[in-house]
Amino acid sequence: MTPIVLVIPLLAAFMVMMPSPTRVKATLALAGAVLTFIAALFLPTSAPVEMLWLPGIEVYFLLDPSGAASVLVAVAAFVMIPTLLYASNRVTEHPGAMLALLLAMQAGLNGVFLAKDLVLFYIFWEVTLIPSLLMLGVWGGKARRQTTVKYLLYAVTGSFLMLVAILALRPLSGAASYRIDDLLAVTPLLDLQVQLWLFTGFALAFAVKLPLWPLHSWLPDFHEQNHPSGVADVAGTLYKVGGWGFFAWALPLFPDAARAASPVLMGFAAFTAVYAAMIAISQTHLKRLLAYASLSHMGVVGVGVFGLHIAGLSGAMYLLAAQMVTTGGLFLISGMLYERRGSFELDRFGGLAKSAPTLAAITLIILFGSIGVPGLANFPGEFMSLLGAFQTSAWLGGFATLAVIAAGIYGVNLYQRLYQGKAEHGAVADVGRLELLVLIPLLAATIWLGVFPNPQLRAIEVQSEIAQNQLTRPVAERAPVLDPATTLNPSELSATVRPGGQP
Amino acid sequence: MFTFFLLAGVMIVGALGVITLKEPVHAALSLVGTLLTLAITYVTLQAHFLAAIQVIVYAGAIMVLFLFVIMLLNVQSEPAAPQLSWLRPAAYITGLVAVVALVATIVATRQPLPDAATITATLRGGGADAIGEALFNQFVLAFQLVGVLLLTGIIGAVSLVQRRALEAEQAGSSRSQPSRELTDVSS
Amino acid sequence: MIVMPDVNWLALTPPLILLVTASVALLVAISRRGSRPIAALSIVGLSLAAVFNAVLFAQSQTGALATSFGLRYLADHPALAFNFIILLGTALAVLVSFDYLERGGLEHPEYYPLMLLSATGAMVLVAAGDFIVLLLGLEIMSLAVYVLSAWRQNARESEEAGMKYFLLGAFASAFLIYGIALMYGATGFFGFEQIALTLGSDGFDQGLLATLAALLIVVGLGFKASIVPFHQWAPDAYTGAPTAVTAYMSVVVKAAAFAGLVRVFSALFPDLGPIVLALFSVLVALTMIIGNLAALLQRGLKRMLAYSAVAHAGYLGLAVLAAGDLGTQAVAWYMLAYVLMNVGAFAVLTLIADANDHGDDLERFAGLSQQKPWLAAAMALFMLSLAGIPPLAGFTGKILVFQAALQAGYYLLAVVGILTSAIAIFYYFRVITYMYFRDPEYVTPNVESRATNLAIGVTAVGTVLLGIFPGWWYGLLSVGQRFVAGVAGL
Amino acid sequence: MVPTEYYVALSAIIFVIGAVGVLTRRSAIMIFLSVELMLNAANLSLVAYARQWAAAGAEVALSGQAAVFIILAIAAAEVAVGLGILVAIFRYRSSTDVDALSQVRL
Amino acid sequence: MSALVSVAALAPFVALLGAVINGAFGRQLKEPLPGIIGSVAVGIGFALSLLAFLALLFSDVTSVSVPLWSYLEAGGLELELGFVIDHLSVLMMLIITGVGLLIHIYSVGYMHGDPGFSRYFMGLNLFVAAMLLLVMGDSFVLIFLGWEGVGVCSYLLIGFWYRERLNADAARKAFIVNRIGDVGFLLAMFLTFKTFGTLDIAAVNEAAGELVFGSAVLGVIGLLYLLAACGKSAQLPLQVWLPDAMAGPTPVSALIHAATMVTAGVYLIARAAPLFAQTPAASEIVAWVGALTAIVAAVSALAQTDIKKVLAYSTVSQLGYMFVAVGVGAYWAGIFHLFTHAFFKALLFLNAGSVIHALGGEQDMNKMGGLGKKMKITGRTSLIATLAIAGVPFLAGFFSKDAILASSLNSELIGSGVGLYLVLLFTAVLTAFYMFRWYYRVFAGAPRLDKKVAAKVHESPTVMTRPLVILAGFSVFAGYLGLPEFAFPNWIAHWLEPALETSVSFRHPSAATEWLLIFVSIAAVALGLGLGYYVYHLKGGALAKRYGSTAPARLARQGLGFDALYRAVFVRPGEGTASGLAVLDKDLVDRGITGSFTTVGLLAQFTGRLQTGFVRSYALLMLAGLVLLVIAVVLFGGLS
């Protein structure tokens, strides 16, 4: 049942690519998205699938919807529905291809979340890059090529280093396979030094994608250059899964290294959060502003994750899900504004609340959701992330909390420059029916996620506990130690148990 | 021992001649000399059949082919190289180092010779019968493959040198023009 | 006294069939004009050889080891797997040549026979059980390719390609031969099994000489495999040779060379101590670095692919280093993937460049997605696969290779490999950038070639399928009888 | 008798001279000649080692000499192809200078 | 009984429903309808609150918990949302819904004809809902939810007339300054959680009692909550936003920026009373912050010319009193003053609104005067409110202010309260003075109105004046709920006791001393009023004119220059840092990382040069490569 959330979007993507009228394509894509979302709702009750994919190096096709994955998949699938709806109406050049790429991206993303085999995870991680690159390169703005290359180099350099670490993992640890259970049983036993090396490989990949200062500079360009409709930015927002990588893989796999690196990484994340929010204040380009804002959120995600406190872990994942809705929504709104003004320069806006009150109201709610106003989507995650971080390091957690102020500043600045004051550049139309259809679900999700976070959090918490257990278990209790001589023979795994202690 | 050094001296001089003499014909003849000396060396090593083959096939057939081609193509002596002037000294230095390294290795791994009687008994003078036995027992597959190799060489050489009129026909007509600049799309 | 050799005819069928096909094709070719029937005949021969090879392959999976002429011809499991790769590569090259020859005015009758002979040599090399047979296989393969490289006469690049390749090839062969001679001096044998036994025996004191011999042999084989610093012929020869020939030699010659390297490394070198492996690992690192860096500079796609071929030699070298089962399987697996994606890329190239192979600049690819969407999509697929992006075959191959290297403890080398792969992404992706992110600058020639399209289709589908279902080919590789010198006890 | 290493050392010297010849001569045909030197050097060492291995029996010893025979054939085939290429090029170029064949670079 | 009380939990949701209806459909509705919807929603809330109050009053139940739904049951937080309705929160609910109801009704008249009529009531209803959450929340998180909620509503309503840049700026400023406070709240919660492992208020209060008296961590927590309170309640150093917040519609100022929201800080500290009672250091700082704010704001109020700004500074000043109260541990007195202040300050603002309404938007007191004759109800109720806030005996403000003064002297939580007492006493003089000035300049004396305006001056409609009268009534009588305890029954202190039970004890001086103190404060009020009478009535404002343009007066008019100071110290450098970082990010970080890629390009150039094109150089490389390999073998060994 689980792979269905991959199969539906992929199938839809293929069907959309077949020659047919745009209307039909749009319907197909939308149907695919809706079905995926419905399927995603059944994920928590779905059984995992597992089969040997690459014998010899023991890679399994293992998709497991338990834990945070089901939440992230569902939220991403939800955000995808309005995004596809908007894309099918607003992307005029090769709409079919754009829809297909969005769907393909979704499939890859779902894979990233659901994969419980490390190599499989890497595959999805990497493959999702392609649609993202194509969207940027084909539909992007003037500097799209340079931006694409930059994005590519950042992403690939990081993830390739992770690949080395992944492939070195089994030979070093003697894990029976790349399935997470097998890995978790033995990787914590690695020497700290080895763990640190491997962790660094993972961390670089995730830090680029998170992104974390100073590996973030692809992000503003990426968003600035993407298609003005903003749909590609939404996809990019969904794809900011560096935090997930840390949460689901790097931390539980290398607990000693994670603890050792925690202060440093927290420092980077806290700095990112504040730094990006500060920069967002001075941006005059709508999408760049949103990019930096989103970078700041990612800093908070990072702080939560690196704090290694269970509240932070759960909160960071929740924030990851919530920002899909809020940041995604804001990017779509930026697309709508662009459609009205033909520009992203904030100087060209102002006073729009008069002529477009509904758009203003919706923007305001989603924007407030984005800057972490309680009762709206981002707050629970942000609160728990910072709270968790604070439990670990009061100073770094406290420093990261300062981003809240800066977020307030850029948030209200943005609103003022868009909607308040006199409409010096003339009036615009208020939201049309399509836009309302696009925004209402996002609005609803913004409120739902802010008011009823608990069901989602409970699902996330299951996985946070796994990570937490790995991180706090004393060395001796972590796992039965395997005899290196027999480690590559899975059949003997259970038989050979050496009494505790590090080898 | 003296014979060896004499042969070695001639051989080395001949070899140096091959790589230094300006006139191609001289160089080729120098190689012929070297190869003949080598044939004599084979005799001293109790490889009589090989010595004969060396003279007949190598110094005879192959070298004649070479000379023939040199004459046919009227290969002139090489003018001083305008480019790559650094290459010659580099080559000499590298060569010198290579010689030292190779000889050092070879000397370091020297082994005592078996006694003369054993040698004579085993090699049987390196006669045709002895070689033939080896060729048709251990080397029977190789021997067959040599056939394939020569076939390939012949086909290849023929195909290069003996092209049909086909080419002349097609050379003029069917070379398609490079695509023209795209004006209608870019404008 | 001459003893009747033990000839296992079945084991010999694949190369024999090719040899016969080549001869028949030659006879047919001389008597009639047009190369297409000969191509068809070649395909038939290749298919037949593949069928017999499949029978042998199945046999070796159930336990039989098909040897012939003592242990001088070893059609063991990996060899048979490489046979498949060679046959596939040759068949694809034939398909690419099908219309290409006519367009370029290259329809000389000896073309397909030479290709088949070369493939025969490659198969001999793969199955060689002693150095003399290996050498002969290599020479048969090479001589034919030298000629094919210079196939387009009166074209500067092609002449240059043929001549450079030949001169350096002969030079390298001389090293190989001298190495074989020294190996004989050190051990007294040419056969792998005896050499391995001798090297591994107690009291063996010719280690230094054997190591020197091994190095010379590495030079000879490394040359064919285009390992740095013996690689420099490759870019020039690949660039100059007619594209269909480049496609052929970039895969078949390389496959055979690596099969030889794997055989030599896994059979002999373990007994030579770590120094050879250490040195080879340095060469592998240099290969990955230089291949990828130089490819970065190229504007012409053919030359870029040539350097990429060098780079991939580095990745294959990683697995060779790992030797052992994992390494051998990794090389064989990667090689199949490489055949598919590389031939595919060259096949696309034949449709973009003009009949003289000119006009393969990146600019020619600008906006290809608008003019020829399917062609562009296929090319993008090949580029992504070559770059090692999942879930395509190139990626799976890469992880197998890296896994093998890491398993063998080559951590630093793996890191070098990965970092250079990141560089590679840049130049592969640049092609995609041109195809998809730019507007057209030239009219792409409208070449109708069903055969080439078929080749592209097969390689594209293969690249995807192999990537998504890697277990199939890997499973075939991992279960079967394998000759291990010195251990087989045959 | 002259020890084997003398012969092999001589062969090494000839081999390297041949190799240096390949590097220094500019005419393709001269390079062919140098390659022939290298092959003959190999042959010399094979013959020398064949005598060395006499103690190991005829099969081992004579295989060295037989290999020379094979290598001779290889040399012949190479020469055939090499000269073929040379002649083919010469038709259009009227030069055997390999330095002129340096258009494809970088 | 508990069930009856529990029903009051519906109040915020009813208000929310009103907001949603107005937000979604308000623009389609004809004018008074949105106002009626809004008023009804708050009215229901008031009725429910009253019901709950009565239920509590006539039963032994002191506190009722109403669980809502699970909110953050993860990460060890185990947080369920729930309301606590006890003697403290029910009082706050009454103030919020009661005063809120009156202001809603008043607004129907005040906002008549405004194009954003429905938006206005949506904002107000939303505010009431959020404010109710704030006071009813049983955990710090829920309080924070309301806390930020009221901040957002405040932002929306200050910037209600967003087309004027100044209004939007003011709203932004309020939001940002509040956010600074919010960070304090967040950090306080984090530290609370770290210390106590829970964010449930009752649990925290209980656990705080078990901690060592005066422990450092409690002090830090207290100070962080104080920072939050300072933000919301406009105390030093975060007081700067409130005067600007007068940019919003006047009823908004009355409800949010006078009666309810700004008192949230006081409420917060009172809620966490057991915690603060354990940390004398933090408490003393709270008190001093309040005292300093009181006097600073009072001084600033002296020189204001805007009818609302005077009231704004006065609010800040009065909030300072409340902070002193909760600082010295007299939590009930803080709440008591909050309670009375809600009435007379709301009344003052509504009166100001009435005046502004009558003058067609004029807010400058220099263009008023003598309005009491034309606007009888407004004038009279203003007088009552002025006297009440000034602390004239027998009016509401007198009792509550006096309770604070007395507590500050008698508290045993802090050291000597004499300093605080004197500051507050002096502030009382100033208060009486500037309030007299305010009243006199607006309602008495000679009219200074523009002629056009003067002709149109009229009393406001009934819908506006009725609330004035009601509030005036409360301004008079509310104080009798908390008569001085030494001689009279003090209902409110006893009522609040169960909710504010702490370990703080007070000295009980003799009745004579108490009486003396009362007379001293009466004297202070008299002094202030007398001074005002002297300056404005007897001297006819000549003194004010002479000194009105001197440097100290200008300084006072600008709120003692805090704005300029912050602009120079925080805003400008902050903006500079922001844009500097932006440049840095683009030029340094980006190029630094991207630059490493270009070095790869240079390396590539180098490797490209190896490929010379000359076959002989290739051969040389092969030979050289081999030689190097051989040398390596010779050097590093053969067979191991």
Side-chain angles (χ1 to χ4, degrees), chain A residues 17 51-61 94 97 108 111 119-130 133-134 136-140 144-172 178 194 197-198 201 488, chain C residues 325-326 329-330 333 369-370 373 377 380 384 387-392 395-396 398-426 428-430 432-438 467-475 477-479:
Chain A
M17 278 205 293
M51 48 193 166
L52 188 59
W53 183 68
L54 189 49
I57 66 172
E58 306 305 317
V59 177
Y60 284 77
F61 186 82
H94 320 297
V119 174
L120 189 67
F121 164 75
Y122 176 82
I123 289 173
F124 283 120
W125 173 272
E126 196 79 332
V127 83
T128 314
L129 185 64
I130 307 288
L133 280 169
L134 285 176
L136 173 60
V138 177
W139 286 269
R144 62 180 184 275
R145 284 195 296 271
Q146 296 88 310
T147 311
T148 313
V149 168
K150 193 177 188 182
Y151 177 38
L152 179 74
L153 285 177
Y154 271 83
V156 161
T157 314
S159 59
F160 273 21
L161 284 171
M162 171 165 76
L163 182 58
V164 185
I166 289 174
L167 294 177
L169 196 49
R170 218 164 65 85
L172 283 173
Y178 278 110
V194 177
W197 278 109
L198 294 172
L488 290 179
Chain C
D325 281 332
L326 210 53
Q329 284 157 21
W333 203 100
S369 62
Q370 297 169 31
L384 291 174
I389 300 290
L392 302 170
F395 165 76
T396 320
K398 209 164 256 181
I399 62 168
L400 284 167
V401 162
F402 281 112
Q403 179 75 92
L406 288 164
Q407 192 91 60
Y410 291 96
Y411 297 107
L412 195 61
L413 208 56
V415 172
V416 171
I418 280 298
L419 285 178
T420 52
S421 304
I423 296 172
I425 289 271
F426 180 82
Y428 289 123
F429 198 77
R430 188 161 53 188
I432 297 178
T433 311
Y434 270 82
M435 291 192 301
Y436 281 90
F437 307 166
R438 281 176 189 260
I468 295 178
F469 305 107
W472 168 75
W473 180 227
Y474 197 86
L477 288 174
S478 56
V479 193

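Numbered from 1 within each chain, the chains take letters A, B, ... in sequence-line order. Please read all numbers here as calculations on a predicted model, not as lab measurements.
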Under a 4.5 Å heavy-atom cut-off, does chain C meet the side chain of A/Tyr154, its backbone, both or neither?
neither
Heavy atoms, side chains only, cut-off 4.5 Å: are A/Trp53 and C/Thr396 in contact?
yes
Honestly, the part of C/Ile399 sitting under 4.5 Å from a heavy atom of chain A is both
Tell me, please, which residues at least two apart from A/Glu126 pass side-chain hydrogen bond (donor to acceptor under 3.5 Å, both in side chains).
A/Tyr122, A/Ser159
Closer than 3.5 angstrom, by distance alone: can the side chain of A/Arg145 be matched with the main-chain N or O of C/Phe437 as a donor-acceptor pair?
yes
From CG (A/Leu129) to CZ (C/Phe429), nearest 0.5 Å
7.5 Å
Find the one option among A/Ile166, A/Val149, A/Val164 whose heavy-atom pairs under 4.5 Å with chain C are most numerous.
A/Val164
So which heavy atom on C/Gly475 is nearest to which on A/Pro55, and how close?
N-CG, 4.5 Å
I want to check something: taking the side chain as every heavy atom from C-beta on, are A/Val127 and C/Phe395 in contact at a cut-off of under 4.5 Å?
no
Can you tell me which portion of C/Arg430 sits under 4.5 Å from chain A's heavy atoms? Options are side chain, backbone, both or neither.
neither
Determine whether more than 12 heavy atoms belonging to other residues, nucleotides or ligands lie under 6.0 Å from atom CG of A/Leu52.
yes
For C/Ala404, which atoms come within 4.5 Å of any heavy atom of chain A: side chain, backbone, both, or neither?
neither
Which of C/Thr420, C/Ile418, C/Val415, C/Ile423 passes side chain to side chain contact (heavy atoms under 4.5 Å, CB included) with A/Phe160? It is C/Ile418
Interface moiety of A/Ile123 toward chain C, non-hydrogen atoms closer than 4.5 Å
both
Option among A/Leu153, A/Thr157, A/Val156 that satisfies the side chain to side chain contact (heavy atoms under 4.5 Å, CB included) test with C/Phe426
A/Leu153
Out of C/Pro470, C/Ala414, C/Ala422, which one racks up the most heavy-atom pairs below 4.5 Å with chain A?
C/Pro470
For the CH2 atom on C/Trp473, are there more than 12 heavy atoms of other groups (residues, nucleotides or ligands in this structure) within a distance under 6.0 Å?
yes
Taking every non-hydrogen pair under 4.5 Å, which of A/Val59, A/Leu133, A/Val119 racks up the most with chain C?
A/Leu133
Once rounded to the nearest 0.5 Å, what's the spacing between atom CD1 of A/Ile130 and atom CD1 of C/Ile432?
6.5 Å
Interface moiety of C/Ile468 toward chain A, non-hydrogen atoms closer than 4.5 Å:
backbone
Segment of C/Phe402 engaging chain A (4.5 angstrom heavy-atom cut-off):
both
Heavy-atom cut-off 4.5 Å, strictly under: side chain, backbone, both or neither for A/Leu136 against chain C?
neither
Shortest non-hydrogen contact from A/Leu167 toward C/Gln403:
O-NE2, 2.7 Å
Between atom CD1 of A/Ile57 and atom CG of C/Leu406, what is the distance when rounded to the nearest 0.5 Å?
10.0 Å
